[in-house]
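Quick one: this structure, given as structure tokens, is what I'll be asking you about.
These values consider heavy atoms only, across backbone and side chains, with no hydrogens, waters or symmetry-generated copies. None of these values were measured; they are calculated from a predicted model. In the text below, chain A, chain B and the rest are named by the order of the sequence lines, each starting its count at 1.
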There are 2 protein chains.
Amino acid sequence: MRMAAKDLRVSHSTVSRRIEALEGKLGARLFDRLPEGYKLTPAGIDLLPISQELRSQVDAYSLKVLGRDTELEGQICVTMPDVIAVEVMMPYIAEFQSLYPAITVRIDDSYEVYDLNRREADIAFRFTNEPPEHLIGRRVATAYEAVYGHKDYVTQHDPNAQTSTARWVGWGLPEDNPEWITNSPFPNLKMACHLNNPLLQKQAVTRQMGLGYLPCAIMDNEPDLVRLTDPTPVRDVWVLTHRDLRDTARLRVFREFIFSKAAELTVRFRGT
Amino acid sequence: MRMAAKDLRVSHSTVSRRIEALEGKLGARLFDRLPEGYKLTPAGIDLLPISQELRSQVDAYSLKVLGRDTELEGQICVTMPDVIAVEVMMPYIAEFQSLYPAITVRIDDSYEVYDLNRREADIAFRFTNEPPEHLIGRRVATAYEAVYGHKDYVTQHDPNAQTSTARWVGWGLPEDNPEWITNSPFPNLKMACHLNNPLLQKQAVTRQMGLGYLPCAIMDNEPDLVRLTDPTPVRDVWVLTHRDLRDTARLRVFREFIFSKAAELTVRFRGT
DNA sequence: TCATACTGGTGCATATATGCACCAGTGGGA
DNA sequence: TCCCACTGGTGCATATATGCACCAGTATGA
């Protein structure tokens, strides 16, 4: 019993009490206490192969589970605004996938506040200055925005002119005198159209329908667009997950991959 | 997780912590915590048959060991409806204990169908006309019921009157036009209250809140109560145990003791 | 015969598990 | 929309398990 205690890394008194407790529950003695040590009773002898089998099954499962957790395979679900998915992240997703071909990345392109509590997604990209406290993650960049216009459009419609014919490409209705216009250098321009989606807004600006106040990360890759103001930090970009998922291997490597791109993303979101 | 805690007879917070501790040891999540409850993960699904098999092996061994036990000492666990425990059986339990002071009797007063396979109880008192086939035992009495009322109450509220003001003490909601009222001599009386527990119903009848249709075994010992109908046999009283435990000495002597009281119990349950 | 090295058992202080009471969140029904 | 009945989670007091230090008994070797 003293040697068993050493194997189990507990005190011999603990082993003694555990055996006594088990015997009480079973209503049977498992060992005779002899001066030379514990000796199995017939009931104890019967229990021996059973307990060995139980132990084997538990160990096998434990190994299986441990193996699975470290396996880099399976699906991960990432939610992010579609504009970010299309304009910024697809090259990175592709690179990650080539690095870990057994991992399937599913992008849920949405602005909706997905509930990570409900496993609607495993990882969320969030543009916020106040990330939810129940999620864990890291800020990977700060999103900057600026006023953009097509180079030909701003030549024909000088927004600085006294009675400028330039117009805004705006967001959804109703949006009278929004702050981003009031605080811009061209607060008196009229609205050309209202579009809910930054991708559509980028298309509109590119097609010379007006000026847009949009993220640098999505606008700077269009050579015909020119920036009319200096970039301004608007909100942080977070990569978040639920704390219960922090040890899941494939999620961890994905997050670490994204974190390894933080320098590039910082530059990208700040504008060049 | 809350229902599991009830089954295990521990606090739900204990179950929560045990699961968390097990997940920590395994390094794997066994459950997703959703707002509507715990949901097995793939690792948890894999563990389910293993843990069920482990449990079966432990229970089988436990039954085998207990079945072999020849000593007249230790604990026996008896489950019976609390109303029967309180009103009928306590004197017999006390007598048994004085006969076998080395045996500890634990009464689980419950109506729930205990799982004798799982050692949730060793002996069960059951009021049924169809005892489970996998249990062995003997019918020790037949329970008779009758309509009772307080003698003063039935003087003031003649239930036979044309427009009687007497009322029923009934069971839990919803219970519209139950058979036991429809088939009684006073089917048109109104309900005074709804009570789930025969002990409470007895109290209500004794306190002149109404009439009750209740077992003679619990009502005849109250001198102020009068019987308004002849007793009717309702169901049999069985004393049951698991077949693997039929040779366990202390369970055997307990059952034999109860069987030796069958004549008394028969009279008691029939009403006097 | 005595000293030493083992054994199993236990009192007591401490570490850990548990239950209680409460919290916040969610869904359904009125 | 609000109330109620559920869910999972947690702080704190208490119950229980554990480790330490010690005990008594036994066997062996000098």
Query raised in the report: Of the candidate nucleotides C:dG8, C:dC22, C:dT10, which contains the atom at the shortest distance from the side chain of A:S13?
Result: C:dT10
Query raised in the report: OP1 or OP2 of C:dG9 sitting under 4.0 Å from any side-chain N/O of A:S16?
Result: yes
Report task. For the pair A:S56 (side chain) and A:Q52 (backbone), establish whether a donor and an acceptor sit closer than 3.5 Å, ignoring hydrogens and angles. Result -> yes
Requested in this report: Check whether any side-chain N or O of B:S62 sits under 3.5 Å from a backbone N or O of B:V58 as a donor-acceptor pair, and report yes or no.
Outcome: no
**Report entry** Euclidean distance, atom CZ of residue B:R9 to atom P of C:dT18 [Å, nearest integer]
**Finding:** 17 Å
Query raised in the report: To the nearest angstrom, how far is A:L34 atom CG from D:dT26 atom P?
Result: 12 Å
Report task. Keeping the roles fixed (side chain from A:T41, backbone from A:L30), state whether a donor-acceptor pair exists under 3.5 Å. Result -> yes
Requested in this report: Ignoring hydrogens and angles, answer whether the base of D:dG9 and the side-chain atoms of B:R33 contain a donor-acceptor pair closer than 3.5 Å.
Outcome: no
Requested in this report: Assign each of B:R2 and A:R2 to its nearest nucleotide of DNA chain C by heavy atoms, then name whichever residue's nucleotide is nearer the 5' end.
Outcome: A:R2
Query - Nearest-Å distance for atom pair CD/C1', residues B:E36 and C:dG28 - result: 13 Å
**Report entry** Residue mapping more 5' on DNA chain D - nearest nucleotide basis, B:G37 or A:V10
**Finding:** B:G37
Report task. Starting at atom NZ of B:K6, determine the distance to atom P of D:dG8, rounded to an integer number of angstrom. Result -> 12 Å
**Report entry** Donor-acceptor pair under 3.5 Å, B:R17 side chain vs D:dG8 base
**Finding:** no
Query raised in the report: Under the 3.5 angstrom rule, does the side chain of B:E87 hit a backbone N or O of B:L199 as a donor-acceptor pair?
Result: no
Report task. Rounded to the nearest angstrom, tell me the gap between atom CE in A:M3 and atom C1' in C:dC6. Result -> 12 Å
Requested in this report: Measure from CD1 on B:I19 to C1' on D:dT7 and round the result to the nearest Å.
Outcome: 13 Å
Query raised in the report: Taking CZ from B:R18 and C1' from C:dG19, how many angstroms apart are they, rounded to a whole number?
Result: 12 Å
Requested in this report: Using whole Å, report how far NE2 of B:H12 lies from P of D:dG11.
Outcome: 13 Å
Query raised in the report: When you check the phosphate oxygens OP1 and OP2 of D:dC6, does a side-chain N or O of B:Y38 lie under 4.0 Å from one of them?
Result: no
Query raised in the report: What are the two closest non-hydrogen atoms of A:D46 and A:I50, and how far apart are they?
Result: O-CD1, 3.5 Å
Requested in this report: Kindly say if A:T14 contacts the phosphate of D:dG19, meaning a side-chain N or O under 4.0 Å from OP1 or OP2.
Outcome: yes
